[in-house]
A.B. asks: 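Let me begin by handing over the structure; questions about it come next.
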Amino acid sequence: MRRLLVAALAVAATAGALTGCGGEENWAKKCAATNGVVECDVADRPQVGDVTGELLDGGRYDVADDRGKVVVVNFWGSWCAPCRAEAADLEKTYQATKAKNVTFLGINSRDDRDSAKAFERGRITYPSIYDFDGDVALKFDVTQTTTPATLILDRQGRIAVALRRSTTAGELQPLVERVAAEGNG
């Protein structure tokens, strides 16, 4: 029972932390939204600012180091049932697209480090930032109302797609491939 309460509080806290203060973002109003997926035309894509953080296994990550690559960012927690359900699909999409200059990054929140590492072991081969308090997630300056959520950043570090729910390889891979095919324009 206590574990269920802790998980429920974590979900509420993460949703609150990722929601921000201003309601729906202005940029998202310019983009096409269907069934929890927001897709933006190149001219309407918001630039992601300075996003850095400590990786679960040590070291640091800086999104600026991946400019020129498509970056798929997944917000997750080991306590999140939909996160567990989509993990294999995220890994499958990562493996299928990494040769196209695509990288993946997890943002783990409201977890203790050991639980997060245990969750990743055997499921995910791409790195994750440990973001217990949600501070790194807020640097993306985007309203996320749920965990999990996934962003696809174009090669210039702009948000091309936001998935505000769990996803599958069948849905995610074509979106990633479409953004990757844009080149550097």
Side-chain angles (χ1 to χ4, degrees), residues 1-25 27-28 31 33-40 46 48-49 51-57 61 63 71-94 103-153 159-173 175-176:
M1 181 68 166
R2 183 178 188 281
R3 192 168 206 201
L4 214 58
L5 177 61
V6 169
L9 290 172
V11 170
T14 300
L18 296 177
T19 298
C21 300
E24 186 175 357
E25 319 79 347
W27 67 267
C31 302
T34 307
N35 193 25
V37 179
V38 179
E39 294 186 67
C40 299
V48 170
V51 177
T52 61
E54 178 186 350
L55 294 171
L56 267 175
D57 290 329
Y61 175 85
V63 75
V71 181
V72 179
V73 182
N74 178 257
F75 299 87
W76 66 276
S78 67
W79 43 263
C80 164
C83 299
R84 289 191 299 275
E86 76 175 358
D89 288 291
L90 289 162
E91 180 65 23
K92 181 179 178 182
T93 303
Y94 170 60
T103 192
F104 275 52
L105 174 69
I107 306 292
N108 171 262
S109 62
R110 299 290 174 198
D111 248 333
D112 68 74
R113 191 178 296 266
D114 290 338
S115 295
K117 284 181 178 181
F119 174 87
E120 279 193 332
R121 199 171 300 118
R123 283 189 178 106
I124 299 170
T125 60
Y126 53 86
S128 286
I129 290 176
Y130 181 64
D131 186 30
F132 182 83
D133 293 325
D135 295 334
V136 175
L138 290 174
K139 292 179 184 179
F140 283 92
D141 196 27
V142 62
T143 300
Q144 299 292 331
T145 57
T146 63
T147 298
T150 303
L151 301 177
I152 303 172
L153 309 182
I159 299 170
V161 179
L163 293 100
R164 295 179 166 158
R165 56 171 171 67
S166 62
T167 189
T168 63
E171 175 185 56
L172 182 61
Q173 187 170 333
L175 293 168
V176 171

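For reference, positions follow the sequence shown, starting with 1.
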A.B. asks: Among residues at least two apart in sequence or on other chains, which ones pass salt bridge (Lys or Arg N to Asp or Glu O under 4.0 Å) with Glu120?
C.D. replies: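 Result, salt bridge (Lys or Arg N to Asp or Glu O under 4.0 Å) vs Glu120: none returned.
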A.B. asks: Excluding sequence neighbours, so at least two apart, what forms ring pair (Phe, Tyr, Trp, His ring centres under 6.0 Å) with Phe119?
C.D. replies: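 Ring pair (Phe, Tyr, Trp, His ring centres under 6.0 Å) check on Phe119 returns Trp76.
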A.B. asks: With heavy-atom distances below 4.5 Å as the criterion, would you say the side chains of Ile152 and Leu172 are in contact?
C.D. replies: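 Yes, side chains in contact.
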A.B. asks: Using every non-hydrogen atom in the two residues, find where Thr147 and Cys83 come nearest and quote the distance to one decimal.
C.D. replies: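 That would be CG2-SG, 3.9 Å.
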A.B. asks: Kindly give the heavy-atom pair with the smallest separation between Val38 and Ala33, and that separation in Å.
C.D. replies: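 Heavy-atom minimum between the residues: CG2-CB, 4.1 Å.
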A.B. asks: Using side-chain heavy atoms (C-beta onward) and a distance below 4.5 Å, is Thr52 in contact with Val63?
C.D. replies: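 Result no, sub-4.5 Å side-chain heavy-atom pair not found.
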A.B. asks: Flag the pair Ile124 / Leu90 as yes when at least one side-chain heavy-atom distance between them is below 4.5 Å, and no otherwise.
C.D. replies: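 With C-beta onward as the side chain, the pair stays apart.
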A.B. asks: Can you list the residues that meet the side chain to side chain donor-acceptor pair (under 3.5 Å) rule with Tyr61, with sequence neighbours excluded?
C.D. replies: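 With sequence neighbours excluded, Tyr61 shows a side chain to side chain donor-acceptor pair (under 3.5 Å) to Asp66, given in chain and number order.
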A.B. asks: Please give me the minimum heavy-atom distance between Gly53 and Val136, naming the atom from each residue.
C.D. replies: CA-CG2, 4.3 Å
A.B. asks: Looking at every non-hydrogen atom in both residues, tell me the closest pair between Arg123 and Ala118 and how far apart they are.
C.D. replies: NH1-O, 4.4 Å
A.B. asks: For Tyr94, what residues pass the ring pair (Phe, Tyr, Trp, His ring centres under 6.0 Å) criterion, not counting sequence neighbours?
C.D. replies: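 Ring pair (Phe, Tyr, Trp, His ring centres under 6.0 Å) check on Tyr94 returns Phe104, Tyr126.
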A.B. asks: Which value, rounded to the nearest 0.5 Å, describes the distance between Ile107 atom CD1 and Ser128 atom OG?
C.D. replies: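 These two atoms lie 7.5 Å from each other.
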A.B. asks: Can you name the nearest heavy-atom pair linking Phe132 to Asp111, along with the distance?
C.D. replies: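 Heavy-atom minimum between the residues: CD1-O, 3.0 Å.
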A.B. asks: Who passes side chain to side chain donor-acceptor pair (under 3.5 Å) against Thr103, sequence neighbours left out?
C.D. replies: none
A.B. asks: Give a yes or no answer on whether the side chain of Arg113 reaches the backbone of Leu56 with a donor-acceptor pair at less than 3.5 Å.
C.D. replies: yes
A.B. asks: Give, for atom CG of Asn108 and atom NZ of Lys117, the distance between the pair rounded to the nearest 0.5 Å.
C.D. replies: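 Nearest 0.5 Å value for the CG-NZ distance: 11.5 Å.
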A.B. asks: Checking side-chain contact (heavy atoms from CB on, under 4.5 Å) for the pair Val176/Thr93: CA distance, chi angles, key distance, verdict?
C.D. replies: CA-CA 8 Å; Val176 171; Thr93 303; 4.3 Å; yes
A.B. asks: Can you give me the closest heavy-atom contact between Phe75 and Ala137, atom names plus distance?
C.D. replies: CE2-CB, 3.7 Å
A.B. asks: Checking side-chain contact (heavy atoms from CB on, under 4.5 Å) against Leu163, which of Leu151, Leu175, Asn74 comes through?
C.D. replies: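 The passing option is Leu175.
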A.B. asks: What pairs with Asp112 under side chain to side chain donor-acceptor pair (under 3.5 Å), at least two apart in sequence or on another chain?
C.D. replies: Ser115
A.B. asks: Please list, chain by chain and in numerical order, all residues satisfying salt bridge (Lys or Arg N to Asp or Glu O under 4.0 Å) with Arg165, sequence neighbours excluded.
C.D. replies: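 Salt bridge (Lys or Arg N to Asp or Glu O under 4.0 Å) list for Arg165, sorted by chain: Glu171.
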A.B. asks: Within a strict 4.5 Å, meaning less than it, do heavy atoms of the Ile159 and Leu153 side chains meet?
C.D. replies: yes
A.B. asks: Name all pairs fulfilling the salt bridge (Lys or Arg N to Asp or Glu O under 4.0 Å) condition that reach into residues 80-94, sequence neighbours left out, sorted by first residue then second.
C.D. replies: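 Passing the test, one end in residues 80-94: no pairs.
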A.B. asks: Return the set of residues passing side chain to side chain contact (heavy atoms under 4.5 Å, CB included) with Asp135 (not counting sequence neighbours), or none when no residue passes.
C.D. replies: Asp131, Asp133
